[in-house]
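Structure, as structure tokens:
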Amino acid sequence: MADDDPRCTANPRSAHDIHRRKLMALGAAAALGTTAATASASVAAKDDSDASNDTVEPTDVPADANCAVCNMVPAKFPDWNAQLAHEDSTRVYFCTPGCLTTYYVVPEQFDGPDEPIVGAWVHDFETRDLIDALQASFVLETDPDRVDDPMRLNPLPFVDESDATAYVEQYDDLDDDTVIPIDEFDLDIAELYRGQLLDENESD
């Protein structure tokens with residue numbers, strides 16, 4: 001066949017080669033997709049792992065720690081003490097839930113850092129188990145003769161709102177309005193429980 005024959009410019013295997021190249025390209029794309037999916041799954045797993053590692057947990061109360069509000073020693077009151085953590089890892093300890101909730105309202109009055117509160121724990125009034133204060137229900141108990149507690153006056157934490165409601169139903173001077181979450185504590189309630197200590201800090 002002459003070199004100048006037009007058929008010499010056409011490769012008889014070109015159609016096959018094109019088909020083969022398409023298959024190779026599809027295979028490569030599928031491999032890349034699998035790799036990308038695997039990488040995405042790996043990143044997601046790492047993110048989940050990092051998130052779980054960032055979970056804030058309560059710690060043992062140091063024997064030499066002082067209550068940030070009243071200066072008593074929280075370790076002496078294992079059924080009543082409480083603790084709190086700021087975002088910068090600052091840990092604060094309290095002898096009672098009354099001191100913790102007062103600090104929660106006005107941490108700046110007790111030398112608290114200018115960082116968000118990311119965790120808080122108190123002891124359930126009935127079980128004495130350590131519970132999440134940010135999820136607890138508090139009874140605004142105001143009769144110091146009903147409960148034998150440190151500081152003589154404290155809001156009472158319950159892990160279950162139903163338990164808090166059952167407590168208030170025992171007394172005519174308490175009702176459902178006296179069961180609140182921690183984010184409803186305000187300066188008036190803090191004054192009710194630790195007013196003298198607040199006044200002392202305001203005058204410093």
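Values in this document were obtained by computation on a predicted structure and should not be read as measured data.
Annotation: Phe158 is not in aromatic contact with Phe138 [ring centroid separation under 6.0 Å not met].
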Working note: Asp129 + His123, criterion side-chain hydrogen bond (donor to acceptor under 3.5 Å, both in side chains); need CA distance, chi angles, decisive distance, verdict. CA-CA 5 Å; Asp129 293 335; His123 287 271; over 6 Å; no
Quick one, Thr165 with Asp176, criterion side chain to side chain contact (heavy atoms under 4.5 Å, CB included). Give me CA distance, side-chain angles, the key distance, then yes/no. CA-CA 7 Å; Thr165 300; Asp176 289 346; 3.8 Å; yes
Worked verdict on Asp88 versus Thr90 for side-chain hydrogen bond (donor to acceptor under 3.5 Å, both in side chains): CA-CA 6 Å; Asp88 65 351; Thr90 298; 2.9 Å; yes
Show the numbers, then the answer: is there a side-chain hydrogen bond (donor to acceptor under 3.5 Å, both in side chains) between Thr96 and Arg152? CA-CA 10 Å; Thr96 54; Arg152 295 283 293 153; over 6 Å; no
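Residues Met151 and Cys95 are in side-chain contact: their nearest non-hydrogen atoms beyond the backbone lie under 4.5 Å apart. Within the 4.5 Å cutoff, no side-chain heavy atoms of Val92 are placed close to those of Gln83. Within the 4.5 Å cutoff, the side chain of Tyr193 has heavy atoms near those of the Leu140 side chain. Residues Arg194 and Cys99 are in side-chain contact: their nearest non-hydrogen atoms beyond the backbone lie under 4.5 Å apart. Side-chain contact between Trp80 and Asp149: present, with at least one pair of heavy atoms (C-beta onward) separated by less than 4.5 Å.
Around CG of Asp183, the count of heavy atoms belonging to other residues, nucleotides or ligands within 6.0 Å exceeds 12. For Asp148, the CG atom counts as loosely surrounded, since its 6.0 Å shell holds 12 or fewer non-hydrogen atoms of other residues, nucleotides or ligands. Under a cut-off of 6.0 angstrom, the local environment of CG in Asp143 is crowded, with over 12 non-hydrogen atoms contributed by other residues, nucleotides or ligands. Within a 6.0 Å radius of CG in Asp114, no more than 12 heavy atoms belonging to other residues, nucleotides or ligands are found.
Classification of the Tyr167-Phe125 ring pair by plane angle, with boundaries at 30° and 60°, yields perpendicular.
Residues Leu197 and Val73 do not share a hydrophobic cluster, defined by chaining ILVMFWY side chains whose heavy atoms lie under 4.5 Å apart. The same ILVMFWY cluster, assembled from side-chain heavy atoms under 4.5 Å apart, contains both Leu84 and Val105.
Using modelled atom types, one finds a donor on one side chain and an acceptor on the other under 3.5 Å when comparing Thr59 with Tyr93.
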